[in-house]
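Below: one structure, written as structure tokens.
This one's a predicted model, so the numbers in the text were calculated from it and none came from an experiment. Proteins come first, then strands; the chains are lettered A, B, ... in the order of their sequence lines, and each starts at number 1.
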Amino acid sequence: MKAKLHLQNVLSSILESKGWEWPEKAVLEPPRDKNFGDMSANIAMMLSKQAKMNPRAIAEEIKNELDNDPYIEKVDIAGPGFLNFTFSNSFWQNLIPEVLEKGADFGRSEIGKGIKVQVEYVSANPTGPLHIGHGRGAALGDCLVRILEFTGHDVEAEYYVNDAGRQMLILGNSIWVRLQQSEGRDVADPEDFYKGEYIIDIAKEVLALNPTILEMDEADSIAICRKYGMNQILEGIKKDLAAFDVRHDVWFSEASLVSVGKVEETFADLKARNMAYEKDGALWFKSTDLGDDKDRVLRKSNGDLTYFASDIAYHDDKYKRGFDKVVDIWGADHHGYIPRMQAAVEALGKKGQLEVILVQLVNLLRGGEQIAMSTRAGKFETLEDVVNEVGRDAARFMFLSRKSDSHLDFDLDLVKQKTMENPVYYVQYAHARICSVIRKATDEGIEVGTSDQNLLSNLNNTEELGLLKLLDQFNDVVESAGEYMSPHTISYYLRDLASALHRFYSMHHILSAEKEIIAARLLLLQAVAKTLANGLNLLGVSAPEKM
RNA sequence: GCGGCAGUAGCUCAGUUGGAUAGAGCAACGGCCUUCUAAGCCGUUGGCCGAGAGUUCGAAUCUUUCCUGCCGCACCA
């Protein structure tokens, strides 16, 4: 980040002095291959058209201007006009005071300042316990919230509770049926029916709390079952999420939209904009005008609202609450729903302010064998069970180590293993190792010096500089993870940083060197540990001091 | 049929905002513990980036046609 900023400043002033415009698509980045220096830029190629010179000549001119820069030690021109920059060791060494001073704030950025974002995630129907698929959405959403916050956004995390509609009726009915069966009534299982064990447990509780329920009017009985069941299940969900360290600031009820007439308000709004019309006794949304395959029903001919209707009202409400940007995290099986939702957002006049992130399915395996899951059939491994079995850290890291839109195999046996197939330990181990060295140094009465230039100039070998260069990239990694909504890049970065640390550790015996070198190395280690901890914290994974 | 996502090393995946010689880990093979945590390190082997065509100085990345896999296509939520 520092290297990038410095380069950007220097280059843009050179370009300005030559009368060239900064090419929009110019890329300044650390090259993949270390032979190409610390940073590379492809601007010479991009400039060749406007400057009417060949890239090589442009590169030469820029190189000449840079010869006296205090931080840039070397400029190489490679291939068709790549400029490769090598920074001086002192430039990198100076990073350490910054990291240590910022501490837990190292890596924080202001790019999201003043932007109010809402992230809505999990939002599972309260009809059964959370399963592993919800866990992935939970880990992703929570991590995004942390990242967005760390990059300066004003973030609110929300859970949309689908407490209206058909699934709730089925839930109530399922409990009622079980309750009657448990009292010996001969009632057949209906077609739409939640079959899980937990329904039977809830039915027992309902009966215990309402001894006269069997004598009541059936509609009242079912209503009692529904209400109690939903509350119990929702409490369970909240408990599971809390155990997984997942934060929601607002629990938003779907039913509340209907009861305060928000949906009707939104209908009126859409009609006024000529985006809704009556046909065949139903109310339709003209989504075809905005890129959807077909128009969608808002109010059914029987008078009931569709899920879509309340969802539009819900999003309308989000924007009315003042969010500049809304992020929805959905299961990938909802992808067909995106065009109509985007159309709805556009119809509300908020085009481009909704971002939908899809979370692909999780295949839960045990020793390579797939475990079948279905809420309806009542067959699943709950999130709670999985977290209890493999631990929060391992589960979260596994969920966040893949792009969210690709399938994830989650093998319980594998995630429990403490091997490299399970990188959470690798990263945590790096942190614990550093803490261990620092403990040892303290025990031996070795002083950790203050980070002045003289002391830090002892950090000169490849491994030490390599670590410093990685530290410099942390800001960038965090910012782009936020910008592209891709938390997994942080996991990959942490693996790289841990790898560089392990390499350093095994190649240089830290505590057996000259006094000044040890002191400087301890400062470096502190900076690395801080960065590892900050990164892990963004993933919601702990950074243990001992393992 | 229409649409979405995917196809990269034996396996699991990064890289996809056009950039240089396509990267990790696991597995395989060979080394490294009388010193700070071997949950570690070093090295070797391993690639028609699904196939073809196109766009350009340059394509794993963009366009297009195929092939294969998963998913979705309700007046369900």
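- The aromatic ring of A/Tyr492 does not stack onto the base of B/A14, failing the criterion of a centre distance under 5.5 Å from the six-membered base ring together with planes under 30° apart.
- For the pair A/Leu497 CG and B/G40 P, the computed distance is 16 Å after rounding to whole Å.
- Proximity of the aromatic rings of A/Phe410 and A/Phe399 is defined here by a centroid distance below 6.0 angstrom, and this criterion is met.
- Straight-line distance between the P atoms of B/A6 and B/A22: roughly 23 Å, to the nearest whole Å.
- Atom C1' of nucleotide B/A38 and atom OH of A/Tyr426 are separated by 12 Å, given to the nearest angstrom.
- Comparing the same atom, C1', in B/G1 and in B/A20 gives a spacing of 45 Å after rounding to whole Å.
- Ranking B/C41, B/A38, B/C76 by closeness to the A/Arg433 side chain, first place goes to B/A38.
- Between B/A24 and B/G69, the two C1' atoms lie 25 Å apart (nearest whole Å).
- The interatomic distance linking A/Arg495 (CZ) with B/G25 (C1') rounds to 7 Å, in whole Å.
- The closest donor-acceptor contact from the side chain of A/Asp393 to the backbone of A/Ser542 lies under 3.5 Å.
- Between A/Leu11 and A/Phe85, some side-chain heavy-atom pair lies under the 4.5 Å cut-off.
- Heavy atoms of A/Asp304 sit nowhere under 4.0 angstrom from any nucleic acid atom.
- Note: A/Phe252 and A/Tyr314 meet the aromatic proximity criterion, with ring centroids under 6.0 Å apart.
- Contact annotation: A/Ser123 does not reach the phosphate of B/A77 (side-chain N/O to OP1 or OP2, under 4.0 Å).
- A/His508 comes within contact range of at least one nucleobase, with a heavy-atom separation under 4.0 Å.
- Taking the C1' atom of each, B/G40 and B/C26 are spaced 16 Å apart, rounded to whole Å.
- Closest to the side chain of A/His335, out of B/A77, B/G3, B/C13, is B/G3.
- At a cut-off of 3.5 angstrom, counting only N and O atoms as typed in the model, there is a donor on one side and an acceptor on the other between the side-chain of A/Lys403 and the base of B/U16.
- Listed for the A/Asp76 side chain is no donor-acceptor partner under 3.5 Å among the backbone atoms of A/Asn84.
- A/Ile434 places a side-chain heavy atom less than 4.5 Å from the side chain of A/Val528.
- Residue A/Leu511 comes nearest to A/Ile518 through the heavy atom pair O-CD1, 3.2 Å, listed as atom of the first residue, atom of the second, then distance.
- Not a single donor-acceptor pair, N or O on each side, falls under 3.5 Å between the base of B/A20 and the side chain of A/Asn42.
- For the pair A/Asp443 CG and B/U35 P, the interatomic distance rounds to 18 Å; values are reported in whole Å.
- Going from atom CG of A/Asp292 over to atom P of B/G4 covers 13 Å, rounded to whole Å.
- Set against B/U35, B/G3, B/C75, the side chain of A/His509 has B/U35 as its closest nucleotide.
- Checking B/G40, B/A77, B/C36 against the side-chain heavy atoms of A/Arg340 singles out B/A77 as nearest.
- In summary, A/Lys318 and A/Glu158 do not engage in a salt bridge, as defined by a charged side-chain N under 4.0 Å from a carboxylate O.
- A cation-pi arrangement, defined by a distance under 6.0 Å to the six-membered ring centre and an angle within 45 degrees of its axis, is present between A/Arg495 and A/Tyr492.
- Comparing B/G47 with B/A60, their C1' atoms are spaced 12 Å from each other, to the whole Å.
- Considering only the side chain of A/Gln167, B/C76 comes nearest among B/G40, B/A39, B/C76.
- For residues 432-443 of chain A, the set of pairs meeting the side-chain hydrogen bond (donor to acceptor under 3.5 Å, both in side chains) definition, not counting sequence neighbours, comprises A/Arg433-A/His502.
- The shortest distance between side-chain heavy atoms of A/Tyr121 and A/Ile357 does not fall below 4.5 Å.
- Of the possible polar contacts, one joining the A/Arg136 side chain to the A/Gln360 backbone as a donor-acceptor pair under 3.5 Å is found.
- Closest approach to the A/Tyr505 side chain among B/C71, B/C41, B/C36 is made by B/C36 (side chain taken as heavy atoms from C-beta onward).
- At the heavy-atom level, A/Ser436 lies under 4.0 Å from base atoms of the strands shown.
- Regarding A/Leu408, its CG atom lies at a distance of 8 Å from the P atom of B/C13, rounded to whole Å.
- The listed nucleotides are B/C76, B/U37, B/C36; the one nearest the side chain of A/Ile510 is B/C36.
- Separation of the C1' atoms belonging to B/G46 and B/U63 is 33 Å when rounded to the nearest angstrom.
- With centroids closer than 5.5 Å and planes inclined by less than 30 degrees as the test, A/Phe36 and the base of B/A20 pass as a stacked pair.
- Between A/Lys300 and B/C76 there is a side-chain polar atom (N or O) within less than 4.0 angstrom of OP1 or OP2.
- Separation of the C1' atoms belonging to B/C49 and B/G15 is 10 Å when rounded to the nearest angstrom.
- Here B/C13 is the nucleotide among B/A20, B/C13, B/G40 with the atom lying nearest to any side-chain atom of A/Arg402.
- Considering only the side chain of A/Asp405, B/A6 comes nearest among B/A77, B/A6, B/C75.
- The side chain of A/Thr306 has B/C75 as its nearest neighbour among B/C75, B/A20, B/A38.
- Phosphate proximity of B/A39 to A/Tyr425: absent, as no side-chain N or O sits under 4.0 Å from OP1 or OP2.
- Side-chain atoms of A/Ser40 and base atoms of B/A20 include a donor and an acceptor less than 3.5 Å apart.
- Glycosidic conformation of B/C73: anti, with the torsion beyond 90° of 0.
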(request) Treat primed atoms plus P, OP1 and OP2 as sugar-phosphate and everything else as base, then score nucleotides 42-47 of chain B 5' to 3': B for base contact with protein heavy atoms under 4.0 Å, S for sugar-phosphate contact only, - for none. (result) S-----

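- In this structure, A/His502 does not count as stacked on the base of B/A39 under the 5.5 Å centre distance and 30° plane angle limits.
- In this structure, A/Ser506 does not reach the B/C41 phosphate: none of its side-chain N or O atoms is under 4.0 Å from OP1 or OP2.
- A gap of 14 Å separates the C1' atoms of B/A59 and B/A53, to the nearest Å.
- Contacts of A/Asp311 with the nucleic acid, taken as non-hydrogen atoms under 4.0 Å apart, are absent.
- The nearest whole Å value for the distance from the CG atom in A/Asp333 to the C1' atom in B/G3 is 15 Å.
- For B/C76, neither phosphate oxygen OP1 nor OP2 lies less than 4.0 angstrom from any side-chain nitrogen or oxygen of A/Arg166.
- Shortest non-hydrogen contact noted between A/Met39 and A/Leu7 is CB-CD2, 3.7 Å.
- As rounded to whole Å, 18 Å separates atom C1' of B/C71 from atom OH of A/Tyr337.
- Closest heavy-atom contact between A/Leu257 and A/Ser310: CD1-O, 3.4 Å.
- Taking a pair as Watson-Crick or G-U wobble with both distances under 3.5 Å, the runs of three or more consecutive pairs in RNA chain B are B:1-7 with B:67-73, B:10-13 with B:23-26, B:28-32 with B:40-44, B:50-54 with B:62-66.
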